[in-house]
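The structure appears below as structure tokens.
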There are 2 protein chains.
Amino acid sequence: MATAAKNIQILKEVLQKEGLRFTRQRLAVWTEIGISRKHRDADDIFISIRSKGVKVSRATVYRTIDVLVKNKLVRKLDVGDGKNRFESKIDEEHHDHMICLETGNIIEFYNSRLEQLQEKIALDNGYELVRHVHQLFVRPIKK
Amino acid sequence: MATAAKNIQILKEVLQKEGLRFTRQRLAVWTEIGISRKHRDADDIFISIRSKGVKVSRATVYRTIDVLVKNKLVRKLDVGDGKNRFESKIDEEHHDHMICLETGNIIEFYNSRLEQLQEKIALDNGYELVRHVHQLFVRPIKK
DNA sequence: ATTCTTAATGAGATTGAGTCTCATCGTAAT
DNA sequence: ATTACGATGAGACTCAATCTCATTAAGAAT
């Protein structure tokens with residue numbers, strides 16, 4: 001389970017590996033993404049950190065997120081509205097997303113057969129699957 | 001098979017349905033997308049139309065594409081580089097895309113089992129699948 | 001064909017997410 | 001504590017996409 005101490009440790013290891021320094025701002029960004037509800041956009045994260053009294057800039061938020069995404073601590077999610085969303089990958093099973101066109105709700109799903117098929121399709125074409133983007137845009141079934 | 005005459009007819013029907021006028025610009029945009037190679041971005045389409053001597057603006061290109069997408073004549077494709085691509089859906093089987101991370105190549109694929117699975121996943125969650133976004137980011141297998 | 005109403009267009013301003021610059025700050029090694 | 005140099009922040013900048021509004025042109029009516 002993710003404790004604050006464990007999350008700090010994870011961040012420190014990543015920063016060390018990348019030859020980067022451990023700073024208040026980087027910790028704040030990682031904490032914000034790791035602790036809070038999912039699917040938040042960059043500005044949301046920026047505002048939230050500031051509201052907690054930590055001085056940070058948008059530039060630093062974006063720069064830090066890039067590092068976290070590169071090191072697979074965070075996942076970047078494009079829901080098609082021009083703003084990327086971010087979610088922690090720590091203690092999370094892999095999943096994709098269903099976006100409700102009526103409410104904007106984001107529902108997570110996972111299907112192993114689907115994942116296998118994706119690997120197979122890439123392989124059949126002479127490629128190795130690196131990552132995928134998979135969103136289902138849905139509408140509630142009317143009774 | 002798609003002939004120029006047939007494509008004009010399709011466009012006219014859509015415009016009529018939408019209560020919109022048939023204009024040189026709208027025809028030029030539809031022709032450009034319908035005739036040319038796939039996966040073109042808006043600016044590409046804009047430049048190409050201009051180079052053929054048809055006076056058009058970026059605003060009109062975007063406005064027309066919106067109408068075409070809304071009426072399922074054109075598909076909008078987000079390949080993750082910040083620029084949407086467009087392709088004609090006329091005389092095209094449905095397919096998804098594999099994007100090569102090394103060359104930027106876009107490969108089309110279709111798998112009926114995959115399509116069925118998506119329908120089922122939405123249904124199992126109480127939703128109706130409206131559309132989906134599905135891209136595989138891949139790397140050539142090294143020999 | 002000419003007139004007339006109103007939608008469509010174009011040039012350029014604007015938006016907004018994300019990136020970049022560079023003077024200043026702060027980490028952490030010594 | 002000093003020092004070297006990486007990190008940060010304010011705000012300029014980028015670029016795809018959208019909006020504004022004066023002008024243009026469909027296409028219906030005559």
Side-chain angles (χ1 to χ4, degrees), chain A residues 8 11-33 39-71 74-86, chain B residues 8 11-33 39-71 74-86:
Chain A
I8 291 175
L11 176 63
K12 280 188 171 168
E13 280 164 18
V14 162
L15 293 177
Q16 182 154 30
K17 169 175 163 285
E18 291 281 333
L20 300 171
R21 292 175 178 170
F22 179 83
T23 65
R24 269 177 307 117
Q25 287 80 358
R26 284 174 176 152
L27 175 58
V29 172
W30 172 226
T31 301
E32 194 61 37
I33 296 175
H39 317 129
R40 304 183 70 192
D41 63 57
D43 211 56
D44 200 22
I45 292 164
F46 165 72
I47 299 284
S48 188
I49 292 173
R50 281 239 168 153
S51 77
K52 288 167 183 166
V54 178
K55 192 167 182 261
V56 74
S57 65
R58 282 188 174 76
T60 294
V61 169
Y62 280 109
R63 283 185 289 229
T64 302
I65 287 174
D66 284 347
V67 175
L68 299 177
V69 169
K70 181 182 171 199
N71 287 278
V74 165
R75 184 165 178 208
K76 184 186 287 197
L77 173 64
D78 181 349
V79 298
D81 69 351
K83 282 186 295 189
N84 284 313
R85 308 300 159 93
F86 304 96
Chain B
I8 292 175
L11 177 62
K12 280 187 171 170
E13 280 164 17
V14 162
L15 293 177
Q16 183 154 29
K17 168 175 163 286
E18 291 281 334
L20 300 172
R21 293 173 179 173
F22 179 82
T23 65
R24 269 177 306 115
Q25 287 81 357
R26 284 175 175 152
L27 175 58
V29 171
W30 172 227
T31 301
E32 194 61 36
I33 296 176
H39 316 130
R40 304 182 69 193
D41 63 57
D43 211 56
D44 201 21
I45 292 163
F46 165 71
I47 300 285
S48 188
I49 292 172
R50 281 241 167 150
S51 77
K52 288 168 184 166
V54 178
K55 192 168 182 261
V56 75
S57 66
R58 281 187 176 76
T60 294
V61 169
Y62 280 109
R63 284 185 288 230
T64 301
I65 287 174
D66 284 346
V67 174
L68 299 177
V69 169
K70 181 184 171 197
N71 287 278
V74 166
R75 185 166 177 208
K76 183 186 288 196
L77 175 63
D78 181 348
V79 298
D81 69 350
K83 282 186 294 188
N84 284 314
R85 307 301 158 90
F86 304 96

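All values derive from a computational prediction rather than experimental measurement. These numbers come from the heavy atoms of this one structure, side chains and all, not from hydrogens, waters or symmetry mates. Numbered from 1 within each chain, the chains take letters A, B, ... in sequence-line order.
- The listed nucleotides are C/dA11, D/dG9, D/dA26; the one nearest the side chain of B/Arg21 is D/dA26.
- Going from atom CD of A/Gln16 over to atom P of D/dA7 covers 13 Å, rounded to whole Å.
- Taking atom CG of residue A/Leu11 and atom P of nucleotide D/dA7, one finds them 12 Å apart after rounding to whole Å.
- Applying the salt bridge (Lys or Arg N to Asp or Glu O under 4.0 Å) test to A/Lys70 and every residue at least two apart in sequence or in another chain returns A/Glu18.
- As a whole-Å value, the separation of B/Asp81 CG from D/dA16 P is 9 Å.
- Rounded to whole angstrom, the span from the CG atom of A/Leu15 across to the P atom of D/dT8 amounts to 9 Å.
- When rounded to the nearest whole Å, the span between CD of B/Glu18 and C1' of C/dT6 equals 18 Å.
- Residues passing the side chain to side chain donor-acceptor pair (under 3.5 Å) test with B/Asp44, sequence neighbours excluded: B/Arg37, B/Arg40.
- Here the OG1-CD1 distance, from A/Thr64 to A/Ile45, works out to 10.5 Å after rounding to the nearest 0.5 Å.
- Within 6.0 Å of CD in B/Glu13 there are more than 12 heavy atoms belonging to other residues, nucleotides or ligands.
- Protein atom CG of B/Leu27 is 12 Å distant from nucleotide atom P of D/dA26, rounded to whole Å.
- If you take CZ of A/Phe22 and C1' of C/dA29, they are 17 Å apart, rounded to a whole angstrom.
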Under 3.5 Å between N/O atoms: give me all the protein pairs with nucleotides 17-21 of chain D, atom names plus distance.
{"residue": "D/dA17", "atom": "OP1", "partner": "B/Asn84", "partner atom": "N", "Å": "3.2"}
{"residue": "D/dA17", "atom": "OP1", "partner": "B/Asn84", "partner atom": "ND2", "Å": "3.1"}
{"residue": "D/dA17", "atom": "OP2", "partner": "B/Tyr62", "partner atom": "OH", "Å": "2.7"}

